[in-house]
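One is the number of the first residue; the rest follow in order along the sequence. As the structure is a computational prediction, the values presented were derived from the model and not from experiment.
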Amino acid sequence: MLGTVLVWAGSWIAMKLVVPYIGPYDFVVVRYLSGAAVLFAVLVFTGRPLAMPPWKLTVAVGLTQTASFQGFVQTALVTGGVGKVSLMAYTMPFWVVLFAWLLLGERPTWRHWAGIALAALGLICFVEPWAGVGDIGPVVLGVASGLCWGLGTVFSKRMFERHRPDIITFTAWQMLIGGLAITPIALLVPQIEARWGWQLWTGMTYIVLIASALAWLLWLAVVRRLPASVAGLSSLGVPVVAMLLAWLILHEQPNGAELSGMALILGGILVVSRAARS
């Protein structure tokens with residue numbers, strides 16, 4: 001989980017840096033089709049199974065956790081700020097707890113609710129609604145991306161509980177399906193033309209090989225081993241680390257409310273991790 005948090009936090013920085021060089025939907029297609037190609041090459045090289053795992057859940061995860069999540073995020077980033085969009089996307093853990101309760105029977109304990117309450121207060125500090133939310137469109141799209149990611153996480157958990165697929169095979173197929181689902185949008189929606197200089201090549205290399213291929217393997221390994229609600233809440237560390245990296249690399253210094261939000265989210269993660277050990 002720590003590896004996933006660090007890699008995905010870095011990916012938000014990389015996504016911000018490549019925005020001037022590639023259209024948002026082209027970015028999604030390149031990211032996931034390239035990541036899938038890398039993983040299929042690994043499957044061939046290691047002799048792992050190539051056949052698609054049970055197709056209904058594989059397609060469901062590809063459409064929700066990959067295509068819809070990233071599509072909503074990139075659409076929101078067209079007019080919305082990276083910080084606010086990423087934080088709205090990380091309402092995902094709250095949706096995971098709800099869907100895991102409804103679909104998997106993972107009834108939340110008082111520790112889950114305490115962790116959710118602390119994390120929710122932390123997100124409110126990040127958003128600072130008392131200062132005005134501005135354009136509501138990116139906020140709604142960000143929350144929609146979190147809902148889709150949460151639903152996809154629960155579908156992934158059900159896949160591992162019922163069918164126990166090879167984790168690399170499952171990741172490769174759901175990334176391929178997600179990338180193909182966005183391709184028609186990338187072809188039809190006007191975007192800037194990609195400029196393949198060293199900046200874009202460097203950013204996409206990190207995003208494809210590490211933030212996509214490696215990180216999705218790490219994430220699904222976490223989902224396979226932990227209750228879906230605990231995995232989802234633990235991922236709230238990503239926006240915290242992303243903000244710290246933005247502070248160090250992009251010189252985006254957090255204000256007092258954002259620092260308070262970090263502390264509250266870390267407190268929520270601590271409470272939930274204790275619930276997991278129990």
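- In the hydrophobic cluster analysis, where Ile, Leu, Val, Met, Phe, Trp and Tyr join through side-chain heavy atoms closer than 4.5 angstrom, W173 is grouped together with L151.
- No chain of hydrophobic side-chain contacts below 4.5 Å, direct or via other Ile, Leu, Val, Met, Phe, Trp or Tyr residues, connects Y25 to L141.
- To the nearest 0.5 Å, atoms CZ (R225) and NZ (K157) are separated by 10.0 Å.
- The 12-atom threshold is not exceeded at CH2 of W95, counting heavy atoms of other residues, nucleotides or ligands nearer than 6.0 Å.
- Put simply, CG on L6 and CD1 on I210 are 12.0 Å apart, with the number rounded to the nearest 0.5 Å.
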Margin query: Would Q65 and W219 count as a side chain to side chain contact (heavy atoms under 4.5 Å, CB included) here? Give the steps.
Written below: CA-CA 11 Å; Q65 191 169 259; W219 170 246; 3.4 Å; yes
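- In this structure, F170 is a member of the same hydrophobic cluster as V44, with clusters built from ILVMFWY side-chain heavy atoms closer than 4.5 Å.
- Linking ILVMFWY side-chain heavy atoms closer than 4.5 Å, directly or via other members, places V18 and V73 in a single hydrophobic cluster.
- Using a 4.5 Å heavy-atom threshold, the side chains of M204 and V30 count as touching.
- Applying the side-chain hydrogen bond (donor to acceptor under 3.5 Å, both in side chains) rule to pairs touching residues 179-199 yields D26-Q191, sequence neighbours excluded.
- In plain terms, the two heavy atoms of T66 and G178 that are nearest each other are CG2-CA, 3.8 Å.
- The line from CD of Q174 to OG1 of T58 is 8.5 Å long, rounded to the nearest 0.5 Å.
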Item checked: Working for side chain to side chain contact (heavy atoms under 4.5 Å, CB included), residues L17 and T202 -> CA-CA 10 Å; L17 292 175; T202 302; over 6 Å; no
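- The closest side-chain heavy-atom distance from V28 to I185 is not below 4.5 Å.
- The distance from atom CH2 of W247 to atom CD1 of I249, rounded to the nearest 0.5 Å, is 13.5 Å.
- Distance check, rounded to the nearest 0.5 Å: CZ of R158 to CZ of F99 gives 12.5 Å.
- I182 has its side chain out of reach of Q70: every pair of non-hydrogen atoms, C-beta onward, lies at least 4.5 Å apart.
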Check: Given the rule in the side chain to side chain contact (heavy atoms under 4.5 Å, CB included) test, do L39 and L176 qualify, once you have shown the distances and angles that lead to the verdict?
Finding: CA-CA 10 Å; L39 292 181; L176 175 63; over 6 Å; no
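- When every heavy atom of Y206 is checked against every heavy atom of V7, the shortest pair comes out as OH-O, 2.8 Å.
- No side-chain heavy atom of W101 sits less than 4.5 Å from a side-chain heavy atom of H112.
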Next item on the list: Given side chain to side chain contact (heavy atoms under 4.5 Å, CB included), test L245 with V241 step by step and report yes or no.
Entry: CA-CA 6 Å; L245 290 176; V241 177; 4.2 Å; yes
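- Using a 4.5 Å cut-off between side-chain heavy atoms of Ile, Leu, Val, Met, Phe, Trp and Tyr, with links allowed through other members, L102 and W113 fall into the same hydrophobic cluster.
- The shortest heavy-atom contact between A257 and C125 is O-CB, 3.2 Å.
- Side-chain atoms of L180 and L33, non-hydrogen and from C-beta on, do get closer than 4.5 Å to each other.
- Contact record, P53 with T169: CD-CG2, 4.1 Å, taken as the closest heavy-atom pair.
- For the pair I207 and F27, the minimum side-chain heavy-atom distance is below 4.5 Å.
- Heavy-atom minimum distance, S212 versus R31: OG-NE, 2.7 Å.
- I167 is linked by a side chain to side chain contact (heavy atoms under 4.5 Å, CB included) to F160, T171, L220, A221, R224, counting only residues two or more places apart in sequence or in another chain.
- Across all non-hydrogen atoms, the minimal contact from P54 to M159 is O-CE, 3.5 Å.
- Aromatic ring orientation, W8 versus W149: perpendicular (interplanar angle above 60°, classes split at 30° and 60°).
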